[in-house]
Amino acid sequence: MADTARIDKWLWASRIFKTRSIAADACKNGRVSISGMNVKPSRPLKVGEVVDVKKPPITYSFRVLKCIEMRVGAKLVPEIYENVTDPKQYELLEMSRISGFIDRARGTGRPTKKERRALDSFAEPALFGFDDDDMFDDDDDL
């Protein structure tokens with residue numbers, strides 16, 4: 001076991017990100033930080049450091065227990081890092097799930113495609129017995 005590991009490899013190997021390229025992109029885009037400083041994918045990681053990973057809407061925090069660069073099974077993850085994420089972050093995640101757009105009450109918000117088509121068919125002039133020519137026929141007024 002090595003004393004250090006690349007941060008992008010460690011994030012992938014510890015199953016925080018699905019692929020190493022996604023982990024490297026997260027580092028490049030400033031979503032991974034150590035001690036409040038954004039890190040590059042090649043930064044060496046040491047045992048005991050706390051890694052902050054922003055996955056909107058929350059920021060996860062992990063304390064490094066082992067530095068690895070080879071992916072491990074899901075059962076071995078507790079030996080690799082300790083999740084030290086603030087409980088308030090999980091409350092924030094639950095609040096965003098509750099207030100999500102998933103369970104929209106019928107009739108609130110923007111209409112769905114089906115509702116919009118029903119509104120359009122209801123508002124068509126032919127439905128009320130009018131022809132387009134009858135509406136603009138000005139010869140009767142003379």
Side-chain angles (χ1 to χ4, degrees), residues 1-138 140-141:
M1 180 176 79
D3 295 339
T4 63
R6 284 178 55 117
I7 184 74
D8 62 338
K9 285 185 178 183
W10 184 84
L11 289 168
W12 164 75
S14 61
R15 297 180 168 267
I16 294 170
F17 287 103
K18 190 172 184 176
T19 65
R20 184 174 163 203
S21 61
I22 294 172
D25 288 340
C27 293
K28 289 176 189 173
N29 294 326
R31 292 191 296 266
V32 178
S33 61
I34 298 174
S35 303
M37 306 242 341
N38 292 340
V39 296
K40 293 182 177 181
S42 61
R43 185 196 185 276
L45 182 67
K46 298 174 190 157
V47 174
E49 290 184 315
V50 177
V51 179
D52 296 323
V53 179
K54 294 175 191 153
K55 288 186 176 182
I58 70 171
T59 303
Y60 296 95
S61 298
F62 306 103
R63 178 171 290 116
V64 179
L65 301 177
K66 278 188 186 177
C67 290
I68 60 168
E69 290 190 348
M70 298 298 294
R71 197 162 172 99
V72 296
K75 290 183 178 179
L76 299 177
V77 167
E79 298 173 11
I80 307 303
Y81 63 81
E82 177 186 359
N83 190 348
V84 292
T85 305
D86 187 25
K88 291 179 182 177
Q89 293 289 326
Y90 288 114
E91 290 174 13
L92 190 91
L93 179 64
E94 190 61 31
M95 292 301 287
S96 68
R97 283 184 184 155
I98 291 171
S99 67
F101 183 66
I102 298 166
D103 296 326
R104 181 178 69 90
R106 190 175 185 93
T108 61
R110 291 177 60 178
T112 63
K113 192 173 188 178
K114 183 178 180 181
E115 292 169 342
R116 180 66 187 172
R117 286 182 176 161
L119 286 170
D120 287 344
S121 67
F122 176 75
E124 291 205 5
L127 184 67
F128 297 108
F130 295 112
D131 254 354
D132 290 338
D133 297 334
D134 291 341
M135 292 179 69
F136 301 106
D137 194 13
D138 293 333
D140 295 339
D141 294 337

(message) Tell me whether Lys28 contacts the main-chain N or O of Val39 through its side chain, where contact means a donor paired with an acceptor under 3.5 Å.
(response) no
(message) Suppose we screen for side chain to side chain donor-acceptor pair (under 3.5 Å). Which residues come up paired with Thr4, at least two apart in sequence or across chains?
(response) none
(request) Return the minimal non-hydrogen interatomic distance between Glu115 and Pro111, and the atom names on each side. (result) OE1-CA, 3.3 Å
(message) With a 6.0 Å cut-off (strictly less than), is the heavy-atom count around CZ of Arg71, excluding the residue itself, greater than 12?
(response) yes
(request) For Arg117 and Asp120, run side-chain contact (heavy atoms from CB on, under 4.5 Å): C-alpha distance rounded to whole Å, both residues' side-chain angles, the deciding distance at 0.1 Å, then the answer. (result) CA-CA 5 Å; Arg117 286 182 176 161; Asp120 287 344; 5.5 Å; no
(message) Go through it in stages, so that I can follow the logic: the residues are Val53 and Arg31, the test is side-chain contact (heavy atoms from CB on, under 4.5 Å), and I'd like the CA-CA distance, side-chain angles, deciding distance and then a yes or no.
(response) CA-CA 6 Å; Val53 179; Arg31 292 191 296 266; 5.8 Å; no
(message) Using the side chain to side chain donor-acceptor pair (under 3.5 Å) criterion, which residues pair with Asn29? Sequence neighbours excluded.
(response) none
(request) Scan for salt bridge (Lys or Arg N to Asp or Glu O under 4.0 Å) pairs involving residues 6-16, sequence neighbours excluded, and state none if there are none. (result) Arg6-Asp8, Asp8-Arg20, Lys9-Glu69
(request) Indicate yes or no: at least one non-hydrogen side-chain atom of Val47 is less than 4.5 angstrom from one of Leu65. (result) no
(request) Could you pull out the closest heavy-atom pair between Ile68 and Ser14, with the gap in Å? (result) CD1-N, 4.4 Å
(request) Taking Trp10 for its side chain and Lys66 for its backbone only, find out whether a donor-acceptor pair lies under 3.5 Å. (result) yes
(message) Between Val32 and Val51, is the side-chain contact (heavy atoms from CB on, under 4.5 Å) condition met? List the steps.
(response) CA-CA 7 Å; Val32 178; Val51 179; 3.9 Å; yes
(message) Taking side chain to side chain donor-acceptor pair (under 3.5 Å) as the definition, give me every residue that meets it alongside Ser61, ordered by chain and number, with sequence neighbours left out.
(response) Asp52
(request) Kindly compute the distance separating CZ (Arg116) from CZ (Arg110), expressed to the nearest 0.5 Å. (result) 9.5 Å
(request) Heavy atoms only: give me the nearest Arg63-Gly48 pair and the separation to one decimal. (result) CG-O, 4.1 Å
(request) For the pair Ser33 (side chain) and Gly36 (backbone), establish whether a donor and an acceptor sit closer than 3.5 Å, ignoring hydrogens and angles. (result) no
(message) Testing the basics here: between Ile7 and Cys27, what is the closest heavy-atom pair and its distance to 0.1 Å?
(response) CG2-SG, 4.0 Å
Throw together a table of side-chain donor-acceptor distances under 3.5 angstrom for residues 77-84, partners on residues two or more places apart or in other chains.
| residue | atom | partner | partner atom | Å |
| --- | --- | --- | --- | --- |
| Asn83 | OD1 | Thr85 | N | 3.1 |
| Asn83 | OD1 | Thr85 | OG1 | 2.5 |
| Asn83 | ND2 | Tyr90 | OH | 2.8 |

(request) Report yes if the side chains of Phe62 and Ile16 come closer than 4.5 Å at any heavy-atom pair, otherwise no. (result) yes
(message) Can you pull out every side-chain hydrogen bond (donor to acceptor under 3.5 Å, both in side chains) where at least one residue sits in residues 40-49? Sequence neighbours excluded, please.
(response) Arg43-Glu49
